[in-house]
Amino acid sequence: MSLFGLRSITARLAWFYVIMTISALFLISIILYFTLTNIAEKSAKQYLTDEMDYISTVLRKHEGSISLLEHEINWIPGPIERAEEQKSRWILPFDYIRIIDKKNILGETPGMRELLPEKAFASFSEFEIGQYQSENSHVFLVIHSGLKLSNQTTRTVQIGLDITSISDLLNRYRQILLISILITSFLIVISAIFVARKALKPLYELSDKTREITAQDLSVRLQMSNWPVEFKQLVDALNAMLSRLEKSYQRLELFSAELAHELRTPLNNLMGEAEVALHKPRDPAEYQSLLSSSLEEYHRINQLIEQMLLLAKLENQSLPPSVENLDALQSIQSVLSYFEPLLEEKNIHLECEISGTIQVNKMLWQRALTNLIDNAIKYTPDNGEIRLTGSTIKHKFHLQIQDNGIGIAADKIPFLFERFYRVEHSHQPGFGLGLSIAASIIHLHQGTIEIRSEINQGTTVIIAL
Amino acid sequence: MNILIVEDEPKTARFIQKGLSESGFQCEIAIDGLEALHYCSERKFACIVLDIQIPKLNGWSVLASIRTTDKQIPILILTAQSDLDDKVKGFEAGADDYLVKPFAFSELLARIRALTRRKVQSISNEMHIADLNIDFLKGKVSRSEQTIHLTPKEFALLRFLAEHQGETLSRTIISEKVWGMHFDSGTNVVDVAMRRLRDKIDRTFNPKLLHTVRGMGYKLCLTTEV
């Protein structure tokens, strides 16, 4: 299972989780870092600005005299502070101050000459706070300004703030942040994979369970009890599919059994007749007779198989093959003309009131009609009447085939469309498949078929298509 | 006339050959697609009976191949598939006729005869068999000078039998050619129709012309030929 292809749910979940979490992590770290940096910077700059203000004010007030500022200027960290410095590398932020008049340095913090020569301030404009790195790699924030005093003298003030320690602090902080992010990211990735896999474990278990179901035992159903709620839909769908499969299999088995059964009789005839005939020599006429009889049985078997195959095929399809528009009256009349001889024989009166067009597969429709009309004729006595009425109502074609024949008992009606069902057994030729085939054809065209009948009153077949 | 039988199942090939040769045709048998094409390239046949399920090169390919060089030769295909769409496919691919296995031999014979009939037919407008007279143009039938009234379908039935005089015609082929029914309807309409026709043109006359061939079908011929 590839974790880098996004076709895996595990991979997708894991990647999503990882990316979101690490992004959040980065975002927080960046915010924290820059906030801290910002605060530190602001306070340092504020200090410098305040210091400059203070010194400028004092100078103005005292006409440029630095006497009151001498303590401020000359203060440097003492031995105690130095010792602390050795221990912790922490230098208290303090500033170097230089005050100059037109040409002379009036006052300067000791050590400033080496660390912050005058040129350090040169590249910055007045009141602009800049950053400068001294020769001993200390970092300073610098500011300078020029003052014009009331007595026409000028004073230039240069202040530098040692922010090395702050800078160091921030660097260390950044380093630690980065390392933490890396370690945490790594942990996140690992945990993501682990969690995703674990979450999908039920899916693999379900697959295993499903694999166990074979054609041998389709009555098995998956139980919902142990699976997570999200699987309910899947489990239900699988169970429904199993039901459909089971039904199909059952139908298939039944079909084969019925076919085999129906074949027994003709086969029995064939075998029996042949065996008896072979008992002793017979004359050619007898053999001819036997062969003719056998041929008739072969035709019967052939017909049976053909009809069964047609039924099987019809039931397996969901849509009829090639459908065309037919004029209802024409199609029905051509079938009726086929039955002319029979109708005339029995002197059956035929009435036909049909209009409309239908969308059907021509051959199948012909077949269904043939079977139904054949039935109607069969069960109508001599001098009887058959009426066909058909019209289109609300996009559906309704056809009624009504005869005034012997009718069918009410308790037999539900079975009429079943395979091999014959109302009067073995009186009529045929296998009892005619109505099944007709019904299958109608259903294939998404239509309905219904039979209503009363003994001695007649039968009506109602089709909606 | 020469007929090429392309069929790999030996018993089938044999009975077709036997039946056809006893009916006056000369037959060659090819047992696979390649052999069939080989025969076709060597000789001219009056008709080809082609089974679809054959080894080496299947029937469809053979059909297509023959049709590229010869569009005229009548080809009848045999198949075990009764798919409605297969029929259309067959005709579109260039077949002239189509039979589903198992088929009645009489049907095969009737169809081959129809396919090999001389195209330039002397279609006479009249037919005389014994004392039966059929006028195709006028649609009149008479026997021994007596006019007989037939319904249009009865006339069509008689005509079909007369045109295939001496041939046994199965119920299936009669249903198909006279009524346009392309399946075995399992009804006895043809029997009843024949009975009525017989009543009209044969019952009160001699010699009897309409004969039932048990297990196979019907034929129209003089009694001596049965």
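Letters A, B, ... mirror the listed sequences (proteins, then strands); counts begin at 1.
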Decide yes or no for Val335(A) and Met181(B): does some side-chain heavy atom of the first lie under 4.5 Å from some side-chain heavy atom of the second? yes
Other residues, nucleotides, ligands: >12 heavy atoms within 6.0 Å of [X] [atom1]:
X         : atom1 : value
Phe415(A) : CZ    : no
Glu353(A) : CD    : no
Glu275(A) : CD    : no
Gln330(A) : CD    : no
Lys346(A) : NZ    : yes

Value for CG (Leu342(A)) from CZ (Arg196(B)), rounded to nearest 0.5 Å, stands at 9.0 Å
I need the residue from Glu344(A), His299(A), Gln303(A), Gln288(A) with the largest number of non-hydrogen atom pairs under 4.5 Å to chain B. Glu344(A)
Heavy-atom contact with chain A under 4.5 Å, split by part of Arg214(B): both
For [X] against [Y], the heavy-atom pair lying closest together:
X         : Y         : value
Trp179(B) : Ser337(A) : NE1-O, 3.2 Å
Tyr338(A) : Val190(B) : OH-CG2, 4.3 Å
Asn302(A) : Pro102(B) : OD1-CG, 3.0 Å

Could you tell me which portion of [X] (side chain, backbone, both or neither) has an atom closer than 4.5 angstrom to a non-hydrogen atom of chain B?
X         : answer
Glu297(A) : neither
Ser293(A) : both
Glu345(A) : both

